[in-house]
Visitor: 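Attaching a single structure in structure tokens format; questions to follow.
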Amino acid sequence: MSLLKIIDKEFVPYLGEQEIQEKITLLAAQLNKEYEGKKPLFLSILNGSFLFTADLFKQITIEAEVSFIKLASYKGTSSTGNVITAIGLDANVNGRHVIILEDIIDTGKTLHHYLPDLASHQPASVKIAVLLNKTEALAYPVKVDYSCFDIPNKFVVGYGLDYDGLGRNSKDIYQLKED
Ligand code: IMP
Ligand code: MG
């Protein structure tokens, strides 16, 4: 791992592939236990969560389904303020145990805006699992149930996370370099 340059910014190594995969393995083991017999529906929030979802779901050994929605509120390194649903829910959520998969929770705005919509489909339960949790940045009442890493309030890229669409295709996670 060395310095990563994307457009006008420099990023330094932060979380390596191995420690990311180890945490995902632990999370999968926990979910396999807690959701045994419940046939959970994993609901992955695109785009950022696609690698996290793939690596986690491969290690889910109980009966389970996966579906995807696409929400977006980010441009560059800060939130635009508006949350849009670019691809909506197609799965039947009624009576299902839903586990939302997010790459990162920052302010919580994206999920805070989406949760009432999901609730209107009457799931049996909803829990939130995230790869990265920027605990200090949380500004909306969103409860994170499972977090692989609690991280400081600094912009990160890699392993699905992007800066202006780039950087998602890195196995490791990088942090914005301080000037
Ligand atoms: P929130 O709505 O403020 O919680 O932001 C959630 C979304 O913003 C995430 O799903 C990411 O797509 C994006 N995001 C937040 N922080 C970062 C970051 O540090 N790097 C890349 N994307 C981020
Ligand atoms: Mg995201």
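Owing to the predicted nature of the structure, the values given are computational and were not obtained by experimental measurement. In this chain, residues are counted from 1 in sequence order. Whatever order the structure lists them in is the order used to number ligands and atoms, beginning at 1.
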Visitor: Can you list the atoms of ligand 1 that are under 4.0 Å from a heavy atom of D162?
Guide: 21 (C)
Visitor: Does the ring of F149 carry K23 above it, NZ/CZ under 6.0 angstrom from centre and within 45° of its axis?
Guide: yes
Visitor: Judging by distance only, is a nitrogen or oxygen of L161 under 3.5 angstrom from one on ligand 1?
Guide: no
Visitor: What part of K134 sits under 4.0 Å from ligand 1 if we count only heavy atoms: the side chain, the backbone, both or neither?
Guide: side chain
Visitor: Please evaluate residues T61 and N32 with respect to the criterion side chain to side chain donor-acceptor pair (under 3.5 Å), reporting the C-alpha separation (whole Å), side-chain torsions for both, the decisive distance (0.1 Å), and the verdict.
Guide: CA-CA 6 Å; T61 51; N32 282 329; 3.3 Å; yes
Visitor: Can a donor-acceptor pair be found between the side chains of D106 and Y140 at a distance below 3.5 Å?
Guide: no
Visitor: Under a 3.5 Å distance rule, please check whether S170 uses its side chain to pair with a backbone N or O of D172 as donor and acceptor.
Guide: yes
Visitor: So which bit of V142 gets within less than 4.0 Å of ligand 1, heavy atoms only: side chain, backbone, both or neither?
Guide: neither
Visitor: Considering G108, S49, G160 one by one, which has a heavy atom nearer to atom 4 (O) of ligand 1 than any of the others?
Guide: G108
Visitor: Only heavy atoms of E102, strictly under 4.0 Å: list the atoms of ligand 1 that pass.
Guide: 10 (O)
Visitor: Of the choices I45, I173, V156, which has the non-hydrogen atom that lies closest to atom 21 (C) of ligand 1?
Guide: V156
Visitor: Do R96 and K39 have side chains that get closer than 4.5 Å, going by heavy atoms?
Guide: yes
Visitor: Between CG of L131 and CD of E102, what distance do you get to the nearest 0.5 Å?
Guide: 10.5 Å
Visitor: Using a 4.0 Å cut-off to any heavy atom of K109, which atoms of ligand 1 qualify?
Guide: 1 (P), 2 (O), 4 (O)
